[in-house]
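Let me begin by presenting the structure, written as structure tokens, before commenting on it.
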Amino acid sequence: MIEIKTIIGTAIPLTGDNINTDRIMPARYLKEITFNDMDKYVFFDERFDKNGKEKKHQFNDKKFAGANILIVNKNFGCGSSREHAVQGIKRFGINAIIGESFSHIFAENCTKLGIPCVIVNANSVAKLMKFVQDNSQIKVNISLETKKISFGNERVDFEIPDAMRLSFINGTWNITELMRTNVDIVKEKIKSISYLNGFVR
Amino acid sequence: MSKHTLFDKVWDIHTIKELPTGQTQLFVGVNYLHEITTPQAFAMMRERNWKLAFPQRNFATIDHVNPTNERMRPFKDTTAETIISALEKNAKDFGITIFGLESENNGIVHVIGPELGITQPGMIITCGDSHTSTHGAFGSLAFGIGTSQIFDVLATQCIAMKKLKVRKIEIYGKLAKGVYAKDIALATIRKLGANGGNGYAYEYAGETISQMNMEERMTLCNMSIEGGAIIGYVNPDEKTFEYIKGRKYAPKEKKFERAIKYWKSICSDSNAKYDDIVKIDCAIIEPTITWGTNPSQCIGISENIPELKKLPENMRADAKDALEYMGLRSGMKMKRMKIDVAFIGSCTNGRISDLREAASILKGRKIANGVRALAVPGSYKIKMQAEKEDLDKIFISAGFEWRDQGCSMCLAINPDKLKERQICASSSNRNFKGRQGSPIGRTILMSPAMVAIAAIKGELSDVRDFYD
């Protein structure tokens, strides 16, 4: 299992509340049967006009090329459950997101792919965004061990559920195999689920 | 006496184990699958050469990419054909029941699950689709999941989840004529905000909910996710049991009697403890329409679009951006605004009662010149029922296109799309930028009755005027 303790890198500031997964990944790309090309489509309709010409967008901005941290505002990733949105962001090179808040399903999808979504208050987001705007080549450090984000001479605290934080650190965040090893417990437990047993229990 | 909510009880019944991530491993009673979010999950199963843990607890349908005006395979759109074929093959190879396009049970996943009696009270239900909250209308905990989580469910029939808080939304008061469950949903999201439900499950309760039929409850629960709540549910009652009775997958005879006992046992206790309680007086709700680019940005039809400076400061930037996109100004009225397209359908409002309500308005009338109008039933069975009642004739003679079942123009990844900056009066659930198939297209959400009247007038209108 992969241990995720710190994420260090340059960051992209993406302003705006309620940025939904339809914007992150336009629905027409959900027709593809693999996630392989999702990096090409991320924020497509905001990054390109109908002739394929680049529009002004942080994901197009050369100044942020190579970033691996994304900074967002409130309710990021709301709407559709499409994992394609997270796959696009991940394949674009992002491996941690700092924001004021995340939609539930989006955050779950991120966790499944080993992308920590860490929560900081609106002031700190504004400060961070300004910092990376002015210093796009200076690295930001997210330490899951100290629960602090460092940038320049600043340090801010972030929130993340503690058990989840520890599982990133210990490399136990991907629970598929673990849930699978619990199969005998599952078989035993479901004997008491009424609708699986003719409603006799 | 226990004082638990339905959420607590159903959660406990399905709890397998606590996980190191702080999540709980929960058994999934029913997992629904559709073509769009599943091929990668099956590919992960194939890579590992794994079999499904409980194939009989999974049901698949095709609904998102299929055209609604032709049935000839292979479809011209080869990517659509490929992804449909992929689910057909995956269902066959992994032993899952599939209600394919040729099946009389086909339709939108959140329409057919209840229609077939698969969705029942006291279950945990998952699907790779955020509108899975719809199934909460039956008193189940139903929520949308991503593709890697679908893989978890296929492999283990379990899902890892962190416990949610529960907010009781008490809805009281009599709905005025021309005001529907859709309007309550929009008004609730407006009141609580687009992310007001984040971290919560919503329990809809109160006298208005008791009086609602199952289709209205489904509409309300369906929209929970638009307010950020991944789960919305209603405690099951006699209406729930009556709806389920006799359906294909419903328990029969003695078993049905026993089932009712279980279903009653999982209802919230009268003294249950909630993390939050909100009250909504629906007597004051008007026919509601959206003006922005998320469903919380809505107003009653007689209201003006809010003045930016009167909005809370943290909502202004979003509102300004939305108005620019929509080509609207703060302070203006929406009534009489021209529309280009009218869409009646979707998992929110594509059921028989929705079609009946719209048809009652369209009967003997014609849609305005230049308006393109689509009526898309939520399932094949609904289509057949509507045709039995001659609703199709009403839609067609009014100038609507009468289509086959599917998600259609709700998310527009089949051929049904807006063009350029067209404005669509839509009975669907999302008014996001580009949602209906044109990256610059515009969506205005409303009830099916309001869509019908807008189609007739060619502009946003108040359905209550029609009844006067």
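Being a predicted model, the structure only gives us computed values, none of them experimental. Labels below follow one simple rule: chain letters A, B, ... track the order of the sequence lines, proteins then strands, and each chain is numbered from 1.
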Ignoring hydrogens and geometry, is there a side-chain-to-backbone donor-acceptor pair from A/D22 to B/K433 under 3.5 Å? no
For each of B/I440, B/I225, B/D129, tally heavy-atom pairs with chain A at distances under 4.5 Å, and name the one with the top tally. B/D129
On the 0 to 90° scale, with breaks at 30° and 60°, tag the B/W263-A/F199 ring pair as parallel, tilted or perpendicular. perpendicular
To the nearest 0.5 Å, tell me how far A/S103 OG sits from B/N198 CG. 6.5 Å
Select all residues of residues 3-21 of chain A having any heavy atom within less than 4.5 Å of some heavy atom of chain B, and report them by number, or 'none'. A/D17, A/N18, A/N20
Engaged part of B/K255 at the chain A interface, taking heavy atoms whose separation is under 4.5 Å: both
Which distance, rounded to the nearest 0.5 Å, do you find between the CD1 of B/I83 and the NZ of A/K31? 9.0 Å
Using non-hydrogen atoms only, which part of B/P251 is less than 4.5 Å away from chain A: side chain, backbone, both, or neither? side chain
Can you tell which of B/T293, B/D77, B/T132 has the highest number of heavy-atom pairs within less than 4.5 Å of chain A? B/D77
Just give me the residue among B/H64, B/K162, B/Q23 that pairs up with chain A most often, heavy atom to heavy atom, under 4.5 Å. B/Q23
Separation between CZ of A/R82 and CG of B/L411, rounded to the nearest 0.5 Å: 6.5 Å
What part of A/P161 gets closer than 4.5 Å to chain B, counting heavy atoms only: side chain, backbone, both or neither? side chain
Indicate the atoms forming the closest heavy-atom contact of A/S167 with B/P20, along with that distance. OG-O, 3.6 Å
Before accepting this row, confirm whether a basic side-chain N of the pair B/D318/A/K74 lies closer than 4.0 Å to the acidic partner's carboxylate O. no
Pair B/R48 + A/E177, salt bridge at N-O below 4.0 Å: no
With chain B, which of A/E108, A/Q87, A/R165, A/E32 has the greatest number of heavy-atom pairs at distances under 4.5 Å? A/E108
Heaviest contributor of heavy-atom pairs below 4.5 Å to chain A, chosen from B/I230, B/I13, B/I150, is B/I230
Contact winner vs chain B - A/D45, A/T34, A/N182, heavy-atom pairs under 4.5 Å: A/N182
In terms of heavy-atom pairs under 4.5 Å with chain B, the winner among A/V86, A/I185, A/L30 is A/L30
When heavy-atom pairs shorter than 4.5 Å are enumerated against chain A, which of B/R57, B/M123, B/E226 gives the highest number? B/M123
Pick from A/R23, A/E46, A/E188: which one has the most heavy-atom pairs with chain B under 4.5 Å? A/R23
Of all heavy-atom pairs linking B/G128 and A/S81, the shortest is C-OG, 3.5 Å
Just do the side-chain contact (heavy atoms from CB on, under 4.5 Å) check on B/R258 and A/V200 with the steps written out, would you? CA-CA 7 Å; B/R258 294 199 300 270; A/V200 284; 3.6 Å; yes
A/K112/B/D152 salt bridge by N-O under 4.0 Å criterion: yes
Residue, of B/P439, B/S148, B/G144, B/A317, that accumulates the most heavy atom pairs under 4.5 Å with chain A: B/S148
Chain B contact via A/I33 - side chain, backbone, both or neither, heavy atoms under 4.5 Å: both
Value rounded to 0.5 Å, distance of CD in B/Q120 from OG in A/S194: 10.0 Å
